[in-house]
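What follows is a single structure, written as structure tokens, with notes after it.
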Number of protein chains: 2
Amino acid sequence: MTVTRDTARPGRLLRPTAKVLPEHARAHNRSMVLQHLFHAGPGSRADLARATGLTRVTISDLVASLMAEGLVAELGARAEGRPGKPGTLLGVRTDAHQIVAVDLADDERMHGAVLDLSGTVLQRRTTRVDGRTGTAAVDALTALCRDLVAAATRPVLGVGVGSPGVIDPAGRVLQAPNRQWFDLPLADRLGAELGLPVHVANDANTAALGEFTYGGASGGGLLVLTVGGGVGAGIVLDGGLVQGHEHAAGEIGHVTAVDERDDIDGAPLGRPLPCACGRRGCLETVLSVPALRRRTDGLDPSAAAVALAAVGRRLGIVLAPVVSTLNLSEVVLTGPGELLDGPLREAALATLQERTMPVVSSHMQLRMTSLGEDGALSGAAVLVLSGQLGVT
Amino acid sequence: MTVTRDTARPGRLLRPTAKVLPEHARAHNRSMVLQHLFHAGPGSRADLARATGLTRVTISDLVASLMAEGLVAELGARAEGRPGKPGTLLGVRTDAHQIVAVDLADDERMHGAVLDLSGTVLQRRTTRVDGRTGTAAVDALTALCRDLVAAATRPVLGVGVGSPGVIDPAGRVLQAPNRQWFDLPLADRLGAELGLPVHVANDANTAALGEFTYGGASGGGLLVLTVGGGVGAGIVLDGGLVQGHEHAAGEIGHVTAVDERDDIDGAPLGRPLPCACGRRGCLETVLSVPALRRRTDGLDPSAAAVALAAVGRRLGIVLAPVVSTLNLSEVVLTGPGELLDGPLREAALATLQERTMPVVSSHMQLRMTSLGEDGALSGAAVLVLSGQLGVT
DNA sequence: GAATGTAAGGACGGTTGCCTAACAAACGTG
DNA sequence: CACGTTTGTTAGGCAACCGTCCTTACATTC
């Protein structure tokens, strides 16, 4: 008997380690409908049927359940001069639910916010960390979340947290040294406390998600570089977050970026500086915010520009192999614009273009985030959007 | 109405652009069963039920369909001293079907083979290319495939082709300059000619798949570097192949690897050499087989070792950011062992370890392929295995 | 040797989720 | 005004899973 299954794979169901039931298929299709309305804007049931490949009957059914949950509403009939019955437009009710998001990237303060589904920040709350670590830090975070949940004026879809450290997809913090969290099931614990779905991810990853969803991403591969106290990266590839072997993808801060003999274009970076990790010349020793400030403090603008450009070139050299290998279409910088968005960025882009194939680099962008300070917050919100509704 | 869907995501259905029907769910579950038998070895229906989370009833049903297609067979009862009825062991019939695979990496010859499902090569055929390009090359390939299909002694599951060039997941060759193929729907065309499912992918990607499936991969991220006339890379991440923005991921050969001032440890690489791409100092100018031979020809062994180590260090420097960023667990080299598997590999590994975090590099391997010359062939076979049966 | 407990595999009925087919309603056009 | 077109709904059917009950077959214990 010849096997000629044409398989007609739908969406290449990943992770062959988990069973898939019809109900999961339905959840997927439901997400797809929501996703389409979310990104392509309002449309009729018939539009959705055409876009998804499902029948109008099924779409009606899915839409009914989405309306029952208050996620979708009818917006009235379409007013267009086409033959046939005009469809009734459907749209996502971005105002009917809210999301609580917290950004833990800052060592001093926990920044929280209530957002609607469009990513708009509605309210903010901040808590001083005051050096708290371990359980005390968890308690402070819990209190902040409670406060935010109470402040929400609509049903809260879930809570999203972006935190430094290595975090697995289930929201377990494997290690976050600056909070002294090790092997902490943060999502589960917070979820139990709050009675809400909680999603936790690395802050660079949430930043990448935020950029991918809200920041006019071009759809291709995306790398977001977060420059703060340290340097991290989040990568969205083929429409999903790259997790990596031990969920530690994006740890770009401790790649060697400065060698003994690096004194490019007469702007010497000096000897490779010692790094907290015990080695010398890590990217963090030149690109982190403290390092950049140390390097430019007291210099006149033109000298500072030269120093920043030298760092930019080192960044370009480090990124070139990554951009090439992954065929990324965008690299986005997050951090203080006055340091990053000038000679540094320009030098990095130029270096990147010098060092990669034109095919790759000509279509590539290296830009600042379009989300400003709230990148991590909206990213944490996307985490919820993605986790609860399947919308990315 | 509060939305608190606990979603209980199964395997995070990717690609939210395609509908999923119950039959797809079944195909997935079927694949999962097959995959388990394939990798974990024979087991009873009850074992499968425990491993997959499906019920014994469903497993029995799936197994029945797999047995009807001749993919699985009962091997007899388990002989073990446990209380209860002993289960009947099931195993994949790796000999009941065959796969035709073709490797187009070589410019001179097309290498084809018939393999069984365990990846064992049963028969080989080779065709001279004789400079044929375009349609003539397609015809030669078609003839080779016909020959192989005729040579198969069991039903052929499908045809897998690994080819240089940029190839989309549907098996359309977007560009393969050395064959003068541009925007060629190779998989569809071959499939129509042969009446069999055909899968086509980039040769580095097939090599990566082969390594991932047959080459004792550790399960984490994997990068396979193919060193031949050029240099390419295939990456398996989170259990799947990385496609990249324009399906061009893995184009690592044209990253700048040699700068003006690079003369590490007294083993000068000389001025950056001009590259076919029009720039200078690309990785290919030092790491491709011709480049390596040029560099070592006529040297005595110790001098050759020094030269190879210098290249290895450049490779380490290029790979360090990639390995760090993606948190890869393995880098595998494919190509002539006498050039790669010595000073070059050792220097690359050492450099990689110097330039990345210990957390990343200490668990990392840099090794030669364990599949020898047939890496690309068995990779192409995996393409079929994966495409037709969902086994990876 | 008989009774007991455990495990494997099959049979039956029920639920879910999608599809096809058919239909009523609403609109532009000839 | 009749007609074709498009929308959204209703009705009936198929596929795929689950839970529950049953038989079979073994190991252990008395």
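The sequence lines fix the lettering, A, B, ..., with proteins before strands; numbering per chain opens at 1.
Whole-Å rounding puts the Arg45(B) CZ to dG10(C) P distance at 5 Å. Between the CZ atom of Arg56(A) and the P atom of dA22(C) there is a distance of 14 Å, given to the nearest Å. Whole-Å rounding puts the Glu74(A) CD to dT7(D) P distance at 15 Å. Atom CD in Glu23(A) sits roughly 10 Å away from atom P in dG19(D) (whole-Å rounding). Between the CD1 atom of Ile59(A) and the C1' atom of dT7(D) there is a distance of 13 Å, given to the nearest Å.
Between Asp61(A) and Arg56(A) no salt bridge is recorded (no basic side-chain N to carboxylate O distance below 4.0 Å). Salt bridge status for Glu69(B) with Arg30(B): present, with a side-chain N to carboxylate O gap under 4.0 Å.
With dG8(D), dC18(D), dC18(C) as the choices, the nucleotide that has an atom nearest any side-chain atom of Ser60(A) turns out to be dG8(D). When the nucleotides dG9(C), dC17(D), dA25(D) are ranked by their closest atom to the side chain of Pro86(B), dA25(D) comes out on top. Among dG8(D), dA8(C), dT20(C), the nucleotide with an atom closest to any side-chain atom of Arg50(B) is dA8(C).
Taking for each of Lys85(A) and Thr55(B) the nucleotide of DNA chain D with the nearest heavy atom, the 5'-most of the two is the partner of Lys85(A). Residue Thr88(B) is the one, among Val57(A) and Thr88(B), whose nearest nucleotide of DNA chain C lies closer to the 5' end (criterion: closest heavy atom).
Not a single donor-acceptor pair, N or O on each side, falls under 3.5 Å between the base of dG17(C) and the side chain of Arg26(A).
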